[in-house]
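First comes the structure, then the notes that go with it.
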Amino acid sequence: MSPSPARIVARTDRLTLRELSLDDVDSMFEVLGDAIAMEHYPAPKTRVETWAWIEWARDSYERNGFGLWAVERSADGAFLGDCGPMLQPVENELVPEIGYHIIRREWGHGYATEASTACRDLVLGRLGFPRVVSIVAPENLASRRVAEKVHETMREFVWEKSGRAMCLFESRRMMPA
């Protein structure tokens, strides 16, 4: 019996977002194990840590109905990375935070922006949250450019999870007049 296909969460003009599976460890390790791609993390992840990363996302699917999703190019099915909301502490509240990690050879094609925009719309629409954020290190200029395109506002704050000043990008659901 073959494994069931991963559940597709969203599609954009060029991308398919689907649930991550443990079959994605090698592909995801290409991103999370890359020292340059992970420059703004404490360290690149090992293969075991990449497996745990996918388990963390899968656990979030079960608990919250969402999590980091695989990003694939629809035209050829190429694995590009991950993107999606995970609940993160923001000023004493758990808020869906959109994170994204794209394989370095695919940088510069707008995939992170396209996937993040789809996630923002899904969180504020179908999932019904009143707000969604992205938390970015101030020196991470590439991720800041993505978040500036996706979100409405940005301010600096001290993130309780790390204890350091970060950029908090935020979008809110439009309330009916």
Before giving the answer on side-chain contact (heavy atoms from CB on, under 4.5 Å), spell out for W53 and D82 the whole-Å C-alpha distance, their side-chain angles and the decisive distance to 0.1 Å. CA-CA 11 Å; W53 182 269; D82 71 356; 2.9 Å; yes

Full working for salt bridge (Lys or Arg N to Asp or Glu O under 4.0 Å) between R11 and E114: CA-CA 10 Å; R11 293 185 192 275; E114 189 172 330; over 6 Å; no

Check the pair H40, S143 against side-chain hydrogen bond (donor to acceptor under 3.5 Å, both in side chains), reporting the backbone distance first and the verdict last. CA-CA 10 Å; H40 300 285; S143 284; over 6 Å; no

Residue pair E170, R172: steps toward the salt bridge (Lys or Arg N to Asp or Glu O under 4.0 Å) verdict: CA-CA 7 Å; E170 183 173 358; R172 291 188 173 267; 2.9 Å; yes

In sequence, state the C-alpha distance, the side-chain angles, and the governing distance for V146 and S116, and then conclude on side-chain contact (heavy atoms from CB on, under 4.5 Å). CA-CA 8 Å; V146 170; S116 296; 4.2 Å; yes

Trace of the salt bridge (Lys or Arg N to Asp or Glu O under 4.0 Å) decision for R104 with E30: CA-CA 9 Å; R104 189 161 30 112; E30 188 174 347; over 6 Å; no

Applying side-chain contact (heavy atoms from CB on, under 4.5 Å) to D34 and E39, what does each step give before you reach the verdict? CA-CA 8 Å; D34 181 337; E39 175 183 6; over 6 Å; no

Could you walk me through whether K161 and E97 pass salt bridge (Lys or Arg N to Asp or Glu O under 4.0 Å), step by step? CA-CA 13 Å; K161 189 170 174 178; E97 189 245 353; over 6 Å; no

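Atom CZ of R47 sits in a crowded spot, with more than 12 heavy atoms from other residues, nucleotides or ligands closer than 6.0 Å.
A57 and M86 get closest at one heavy-atom pair: CA-CE, 4.1 Å. Here the shortest heavy-atom pairing between P44 and M38 reads CA-CB, 3.9 Å. Nearest heavy-atom pair across L80 and E106 is CD2-CG, 3.5 Å. Of all the heavy atoms in L124 and F129, the pair that sits closest is CD2-O, 3.3 Å. The shortest heavy-atom contact between G67 and S60 is CA-OG, 3.9 Å.
Shown are T12, T16, D13; of these, the side chain to side chain donor-acceptor pair (under 3.5 Å) with S74 is made only by T16.
When only modelled atom types and interatomic distance are considered, Y111 and R73 share a side-chain donor-acceptor pair under 3.5 Å.
Summarising the geometry, atom CE belonging to M28 is positioned 13.0 Å from atom CG belonging to L22; distances are rounded to the nearest 0.5 Å. For the atom pair W159 CH2 and L168 CG, the distance stands at 10.0 Å (nearest 0.5 Å). The OG1 atom of T50 lies 11.0 Å from the CG atom of L20; values are rounded to the nearest 0.5 Å. How far CG of L17 is from CG of L122: 8.5 Å, rounded to the nearest 0.5 Å. The line from CD1 of I135 to CD1 of I98 is 11.0 Å long, rounded to the nearest 0.5 Å.
Judged by distance alone, the side chain of E19 and the main-chain N or O of A70 form no donor-acceptor pair under 3.5 Å. At least one donor-acceptor pair under 3.5 Å links the side chain of E49 to the backbone N or O of T46.
Remark: R164 engages E139 in a salt bridge, criterion side-chain N to carboxylate O under 4.0 Å. Of the charged side-chain nitrogens involved, at least one lies within less than 4.0 Å of a carboxylate oxygen, so that R18 and D24 count as a salt-bridged pair.
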